[in-house]
Protein chains: 2
Amino acid sequence: MIKVSRLADYAVVVLVAFTRSDDALLSAAALADKTKLPEPTVAKVLKLLAKDNIVKSIRGAGGGYSLDKPIGNISIAEIVKAVDGPIAVTSCVDGATGSCDYEGCCAVKGRWNPVNVALHSALENVTLADMTS
Amino acid sequence: MIKVSRLADYAVVVLVAFTRSDDALLSAAALADKTKLPEPTVAKVLKLLAKDNIVKSIRGAGGGYSLDKPIGNISIAEIVKAVDGPIAVTSCVDGATGSCDYEGCCAVKGRWNPVNVALHSALENVTLADMTS
DNA sequence: ATCAAATAGTATAAAAACAGTACTCTTTAT
DNA sequence: ATAAAGAGTACTGTTTTTATACTATTTGAT
């Protein structure tokens, strides 16, 4: 089964939780409480999302995370990319070298690209808003 | 990273090998030889493909596998489905019950469906022919 | 009838990836 | 200064995946 990691799933849950709150700034602990997910896990997800600027983080006492884009502008593609890494269907993408034993003789070398492109654009076109409606 | 299994990758390689051969009927051993993939692996892939009627199998001495659809009619979606199981992005799909601890309170219950649909149609629209051209 | 070639089905062991957690470091409001 | 809160990293147990092996069944050839 093609799948995204559970963490990506959590990411969506956490991001949706923002939209259900009156506060714009929420700490990891507060979000854990809202989502009923374990706090360390929520913290991990938020760190990953912050690194890719999907949420904005404010450090220090009284800090937390905020969502400064409308959820209609956040695609599943970017969430998955932030949490699970690049969206690519096989390990042998583009110019990646040295990872495949059959490189020299592989009949489909580089051929998964149309699939990657299709997949990526599919995920770009689904936004967080689509998942809450 | 979103990915399909390596087996799906092999499946594509093996199917492409059919199109490069003059014989319509090829044994697992012959295909292993052509693709330089290990024979047990090729055999496993072919079994899975046969189960979903992507290749036709003929048992017994002198038997083997044949491809009786044009490769333009074989989508990546069906190959992935045969080899990796149903294309669904998370474990909590549709009516699947009992697998998720947060079922009672999950804010995005059933919401991954738009993603599944997008993904599926993306993979349907890429055929084996697209990967050889 | 028997044998050998070939696929079908199932099981298993090793390797890799993932999930979850914990710990330390840095930043900042009070 | 202190405490709250995020950043970064590392570790461990579990789960999945991968590759292989083994047995059963089918079928053509002699």
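Below, chains carry the letters A, B, ... as their sequence lines are ordered, and counting in each starts from 1. What's counted below: heavy atoms across the whole structure, side chains too, no hydrogens, waters or symmetry copies.
Between the NZ atom of A/Lys56 and the P atom of C/dT28 there is a distance of 14 Å, rounded to whole Å. Atom P of nucleotide D/dG8 and atom CG of A/Asp52 are separated by 12 Å, given to the nearest angstrom. Rounded to whole angstrom, the span from the NZ atom of A/Lys3 across to the P atom of D/dT16 amounts to 7 Å. If you take CG of B/Leu26 and C1' of C/dT7, they are 14 Å apart, rounded to a whole angstrom. Rounded to whole Å, atom C1' of C/dG20 lies 15 Å from atom CG of A/Asp9. At whole-Å resolution of the value, CG in A/Leu49 and C1' in D/dA7 are 14 Å apart. Rounded to whole angstrom, the span from the CG atom of A/Leu25 across to the P atom of D/dG6 amounts to 8 Å. Rounded to an integer number of Å, the gap from NZ of A/Lys51 to P of D/dG6 is 16 Å.
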Please tabulate, one pair per line, all N/O donor-acceptor pairs under 3.5 Å involving side-chain atoms of residues 77-88 of chain B, not counting sequence neighbours.
residue : atom : partner : partner atom : Å
B/Glu78 : OE1  : B/Lys69 : NZ           : 3.1
B/Glu78 : OE2  : B/Ser75 : N            : 3.0
B/Asp84 : OD1  : B/Ser5  : OG           : 2.4
B/Asp84 : OD2  : B/Ser5  : N            : 3.0
B/Asp84 : OD2  : B/Ser5  : OG           : 3.3

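Here C/dA19 is the nucleotide among C/dA19, C/dA6, D/dT17 with the atom lying nearest to any side-chain atom of A/Ser5.
Residue A/Ala29 is out of contact with every strand shown, counting any heavy-atom pair closer than 4.0 Å.
Between the A/Thr19 side chain and the A/Val16 main chain, a donor and an acceptor come within less than 3.5 Å of each other. The closest donor-acceptor contact from the side chain of A/Asn125 to the backbone of A/Ser121 lies under 3.5 Å.
Contact annotation: B/Ser57 side-chain N/O to C/dA8 OP1/OP2 distance is under 4.0 Å.
In this structure, A/Leu26 and A/Lys34 have side chains that are in contact, with non-hydrogen atoms separated by less than 4.5 Å.
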Which parts of nucleotides 19-30 of chain D does protein reach within less than 4.0 Å, heavy atoms only, written one letter per nucleotide 5' to 3' as B for base, S for sugar-phosphate only and - for none?
BB----BBBS--
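Here the closest non-hydrogen pair linking A/Ala118 and B/Ala122 is O-CB, 3.6 Å. Scanning all heavy atoms of the two residues, the minimum distance from B/Leu46 to B/Val55 falls at O-CG2, 3.9 Å.
A/Val117 belongs to no hydrophobic cluster, as no Ile, Leu, Val, Met, Phe, Trp or Tyr side chain comes under 4.5 Å of its own.
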